[in-house]
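No hydrogens, no waters, no symmetry mates; every other heavy atom, side chains included, goes into these values.
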Amino acid sequence: GGRIFGMRPTSLLTNIVMTSALVSAALMPFVGSLIDHTPYRRSVGRLSAACLAFLILLQIYALRFAWFLAAIIQVIVAFLYSVHLCAVFAYLPELTNNTETLVEYTSRFTAAQYGASVVFLLTIVGVLNVTGIGYGDDVLAAQVSQTTVFIVITLFFGIAWSKMFQEREASHTIPQDTTLVNAGFIKLFRTAREITTHHR
């Protein structure tokens with residue numbers, strides 16, 4: 001008893017995270033290959049940003065009337081977020097030729113990213129508590145949060161992908177005896193093998 005679609009409600013978040021991780025593990029090597037070996041880096045970033053905004057907008061409606069659809073959307077959103085980060089981070093090496101400086105930039109950007117998430121969370125919680133919006137209605141509170149997310153990402157994604165990130169040629173050629181589809185998986189396998197062999 002207590003199961004919906006074969007799942008316990010308490011397992012929903014765990015299942016979303018697990019499913020998203022499996023989808024990312026299966027597809028991200030191809031996404032990375034597409035970004036590295038084709039001139040579509042900016043297109044991948046733009047498309048993932050647009051899809052993220054659209055799905056979050058759709059989720060605002062689905063939260064109230066179709067929670068299972070909202071859960072499926074969240075899996076796709078998590079995957080698209082990884083795709084978007086992959087496209088964004090592909091521009092980082094253009095900032096400097098110094099490896100140590102690049103590592104420092106990456107750590108700072110990551111810290112800023114998570115810091116912004118904490119600020120957003122505290123802001124939403126504060127606004128909801130002060131205004132009383134969503135009191136006793138968790139779905140409404142989630143809709144307010146997602147609406148704010150939609151407005152913020154639409155603004156900043158729009159600025160970033162129209163004004164800042166520009167078209168780029170492929171950063172690498174496809175290695176001999178590989179294809180666009182399997183190049184990322186082969187590179188991942190070789191990297192894992194090298195780490196296992198030389199860095200145990």
Could you pull out every donor-acceptor pair under 3.5 Å between side chains of residues 16-28 and any protein atom, sequence neighbours left out?
residue, atom, partner, partner atom, Å
T19, OG1, N15, O, 2.7
S24, OG, S20, O, 3.0

Legend entry - ring-ring contact (aromatic ring centres under 6.0 Å, His included) against Y91, all qualifying residues, sequence neighbours excluded: F165

Inset, instruction - Just jot down the ring-ring contact (aromatic ring centres under 6.0 Å, His included) partners of Y114, sequence neighbours excluded, or say none. - result: none

Quick one: [atom1] on [X] to [atom2] on [Y], what's the gap to the nearest 0.5 Å?
X: L55; Y: L80; atom1: CG; atom2: CG; answer: 6.0 Å
X: I73; Y: L57; atom1: CD1; atom2: CG; answer: 10.0 Å
X: L102; Y: L95; atom1: CG; atom2: CG; answer: 7.5 Å
X: S145; Y: F150; atom1: OG; atom2: CZ; answer: 14.0 Å
X: T110; Y: Y105; atom1: OG1; atom2: OH; answer: 14.5 Å
X: T179; Y: N182; atom1: OG1; atom2: CG; answer: 3.5 Å

Legend entry - Whether over 12 other heavy atoms sit under 6.0 Å from Q166 CD: yes

Legend entry - F156 CZ: over 12 foreign heavy atoms closer than 6.0 Å: no

Other than [X], which residues form its hydrophobic cluster under the rule that side-chain heavy atoms must be closer than 4.5 Å?
X: F65; result: Y61
X: L188; result: none
X: L122; result: V118
X: L63; result: V139

Inset, instruction - Using the six-membered ring wherever Trp is involved, compare the ring planes of F157 and H84 and label them parallel, tilted or perpendicular (cut-offs 30° and 60°). - result: tilted

Inset, instruction - Could you name each residue pair satisfying salt bridge (Lys or Arg N to Asp or Glu O under 4.0 Å) that touches residues 108-127, not counting sequence neighbours? - result: E104-R108

Inset, instruction - Return each pair, listed once, that meets ring-ring contact (aromatic ring centres under 6.0 Å, His included) where at least one residue sits in residues 12-48; pairs must be two or more places apart or across chains. - result: none

Inset, instruction - Of all the heavy-atom pairs spanning I35 and A90, show the shortest one and how long it is. - result: CG2-CB, 3.6 Å

Please report, to 0.1 Å, the donor-acceptor pairs under 3.5 Å made by any side chain of residues 169-177, with sequence neighbours excluded.
residue, atom, partner, partner atom, Å
S171, OG, D36, O, 3.2

Inset, instruction - Go through the structure and list residues passing side chain to side chain donor-acceptor pair (under 3.5 Å) with R64, not counting sequence neighbours. - result: D137

Legend entry - salt bridge (Lys or Arg N to Asp or Glu O under 4.0 Å) partners for R42, two or more places apart: E167

